[in-house]
Amino acid sequence: MCAEPLTYAVGDIHGCADQLDRLLEGIETHAAGRPRRLVFLGDYIDRGPASARVIETLRKLHWREPDSVVCLMGNHEAMLLESLRTPGADAHWMVNGGLATLDSFGVEEPAALPSDVLDWIEALPTLHADARRWYVHAGFHPASPAPDPDVRNRLWIREPFLTEDRDFGRHVVHGHTPQGGGRPEVRAYRTNLDTGAVYGGPLTAGVFTDRAAAAETFLQVRFG
């Protein structure tokens with residue numbers, strides 16, 4: 001009998017490369033050779049000290065395992081791209097953590113970032129799905145059909161998504177809104193895996209199987 005496949009969904013990383021490395025080690029230990037998929041929920045850059053190394057790690061994973069590694073776009077990746085397209089948008093990105101990203105790459109402006117990195121970010125999808133779950137950075141608008149076709153909602157929404165318990169037909173796994181106390185938010189129809197790693201909280205992965213829509217358990221690593 002084949003081992004049950006596992007899906008590990010990882011919350012907002014925000015340049016916390018050391019925590020990401022340790023979480024990936026913990027995932028491999030937990031999987032113990034079983035088939036597994038990795039789904040990263042976006043916000044790999046900004047605020048933390050090592051955005052460049054986070055991107056390098058994820059790109060290598062994605063290149064080695066294109067069929068089992070999914071990297072979604074977050075609103076911080078979208079802000080970076082917007083800073084290159086719209087005059088004046090770079091100021092908004094920089095005050096929201098972009099300066100830390102530029103520092104980690106050793107450049108002074110968004111246009112000086114490596115073109116291959118920008119191409120990889122631009123190609124990131126905003127949605128992933130399996131039989132039981134939607135995976136998205138921020139969420140869906142409760143008034144929209146599932147999955148919400150509005151890319152801005154997928155990247156940015158908080159309310160009314162966070163307070164209205166809407167059944168979207170599949171469990172929604174998301175990040176974007178950091179949770180205090182170091183614990184993921186688990187509700188009937190959604191799970192928030194952003195536990196504020198860049199603010200001193202843990203970096204969290206939810207472990208999902210085909211047996212249930214909600215997470216079977218959570219893996220976490222903390223700073224230091």
Side-chain angles (χ1 to χ4, degrees), residues 6-17 19-24 26-27 36-48 51 54-55 57-59 61-62 65 68-81 96-97 101 120-130 132-141 146-148 150-158 161-162 168 170-179 182-187 189-199 201-209 213-221:
L6 302 169
T7 296
Y8 298 87
V10 179
D12 301 36
I13 302 167
H14 279 303
C16 296
Q19 291 94 314
L20 175 61
D21 290 345
R22 290 166 50 214
L23 183 61
L24 291 173
I27 286 172
R36 59 102 179 101
R37 178 180 296 273
L38 304 177
V39 181
F40 298 92
L41 298 174
D43 279 9
Y44 314 123
I45 61 172
D46 299 351
R47 297 187 175 139
S51 293
V54 169
I55 294 293
T57 297
L58 295 180
R59 289 182 68 199
L61 274 173
H62 196 207
E65 303 179 60
S68 57
V69 175
V70 176
C71 297
L72 298 178
M73 185 180 292
N75 66 301
H76 280 259
E77 287 78 42
M79 278 194 288
L80 164 56
L81 296 177
N96 281 281
T101 297
W120 183 81
I121 290 174
E122 189 173 29
L124 295 175
T126 59
L127 183 71
H128 177 67
D130 60 25
R132 287 187 171 270
R133 289 164 290 271
W134 304 110
Y135 302 88
V136 66
H137 177 64
F140 302 148
H141 196 288
D148 191 333
D150 189 325
V151 169
R152 183 167 180 84
N153 284 339
R154 294 179 185 180
L155 295 173
W156 287 94
I157 197 169
R158 287 198 167 99
F161 171 69
L162 296 175
F168 290 96
R170 306 182 199 186
H171 197 78
V172 180
V173 182
H174 67 99
H176 183 55
T177 302
Q179 300 301 294
R183 295 183 178 180
E185 181 186 22
V186 180
R187 296 176 71 120
Y189 303 117
R190 66 176 180 86
T191 296
N192 181 358
L193 294 175
D194 182 0
T195 46
V198 76
Y199 301 117
L203 181 62
T204 298
V207 185
F208 299 91
T209 70
E216 180 179 89
T217 189
F218 299 96
L219 307 179
Q220 295 187 307
V221 297

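The shortest non-hydrogen separation linking Tyr135 to Leu72 is O-CD1, 3.4 Å. Of all non-hydrogen atoms in Gln220 and Pro202, the two that sit nearest each other are NE2-CG, 3.3 Å. When all heavy atoms of Ile45 and Ser51 are compared, the closest pair comes out as CA-OG, 3.3 Å. Between Ala213 and His171, the shortest heavy-atom contact is CB-CB, 3.7 Å. Taking every heavy atom of both residues into account, Gly206 and Phe218 meet most closely at CA-CD2, 3.7 Å.
Side-chain atoms of Thr195 and Gln179 form no donor-acceptor pair, as typed in the model, at a separation below 3.5 Å. Counting only N and O atoms by type, the side chains of Asp43 and His14 include a donor and acceptor under 3.5 Å apart.
Annotation for Arg187: atom CZ counts as buried by contact number, over 12 foreign heavy atoms lying within 6.0 Å.
Checking side-chain atoms of Thr101 against main-chain N and O of Asp46 turns up a donor-acceptor pair under 3.5 Å. In this structure, Trp134 contributes its side chain and Phe168 its backbone to a donor-acceptor pair below 3.5 Å. Looking only at distances, no side-chain donor or acceptor of Arg133 sits under 3.5 Å from a matching main-chain atom of Arg170. A donor-acceptor pair under 3.5 Å is absent between the side-chain atoms of Tyr199 and the main chain of Ala197, judged by distance alone. Side chain of Arg154 to main chain of Asp148: a donor-acceptor pair is present (N/O by atom type, distance under 3.5 Å, no hydrogens or angles). Asp12 places no side-chain N or O within 3.5 Å of a backbone atom of Gly175 that could act as its donor or acceptor partner. Without hydrogens or angle criteria, Asn75 side chain to His176 main chain gives no donor-acceptor distance under 3.5 Å.
Residues Thr57 and Leu24 meet the side-chain proximity criterion, which asks for heavy atoms closer than 4.5 Å. Counting heavy atoms from C-beta on, the side chains of Val221 and Leu23 come closer than 4.5 Å. Using a 4.5 Å heavy-atom threshold, the side chains of Phe40 and Leu124 count as separate. Annotation: side chain of Cys16 is not in contact with side chain of Leu203 (no heavy-atom distance under 4.5 Å). Using a 4.5 Å heavy-atom threshold, the side chains of Leu20 and Tyr44 count as separate.
The distance from atom CZ of Arg152 to atom NE2 of His141, rounded to the nearest 0.5 Å, is 13.0 Å. We find the CG-CD1 distance between Leu162 and Ile157 to be 8.0 Å, quoted to the nearest 0.5 Å. A distance of 10.5 Å separates CZ in Phe208 from OG1 in Thr217, rounded to the nearest 0.5 Å. Put simply, OG1 on Thr191 and CD on Glu185 are 8.5 Å apart, with the number rounded to the nearest 0.5 Å. Here the CZ atom belonging to Arg132 is positioned 12.0 Å from the OG1 atom belonging to Thr7, to the nearest 0.5 angstrom. Taken from NE2 in His137 to CD in Glu77, the straight-line distance is 7.5 Å, to the nearest 0.5 Å.
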Exercise for the section: Apply side chain to side chain contact (heavy atoms under 4.5 Å, CB included) to the pair Cys71 and Leu58, showing each step before the final yes or no. Expected result: CA-CA 8 Å; Cys71 297; Leu58 295 180; 4.3 Å; yes
Problem - Pair Gln19-Ile13, side chain to side chain contact (heavy atoms under 4.5 Å, CB included): steps then yes or no - result: CA-CA 8 Å; Gln19 291 94 314; Ile13 302 167; over 6 Å; no
Practice task
Decide side chain to side chain contact (heavy atoms under 4.5 Å, CB included) for Trp156 and Met79; before the verdict, give the C-alpha distance in whole Å, the side-chain angles of both, and the deciding distance to 0.1 Å.
Solution key: CA-CA 11 Å; Trp156 287 94; Met79 278 194 288; 3.7 Å; yes
Exercise for the section: Given salt bridge (charged side-chain N to carboxylate O under 4.0 Å, His left out), test Glu65 with Arg37 step by step and report yes or no. Expected result: CA-CA 9 Å; Glu65 303 179 60; Arg37 178 180 296 273; over 6 Å; no
Exercise for the section: Go through the steps to decide whether Leu38 and Val10 satisfy the test side chain to side chain contact (heavy atoms under 4.5 Å, CB included), and finish with yes or no. Expected result: CA-CA 8 Å; Leu38 304 177; Val10 179; 5.8 Å; no
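In this structure, Arg190 satisfies the cation-pi test against Phe161, with its NZ or CZ atom closer than 6.0 Å to the six-membered ring centre and inside 45 degrees of the ring normal.
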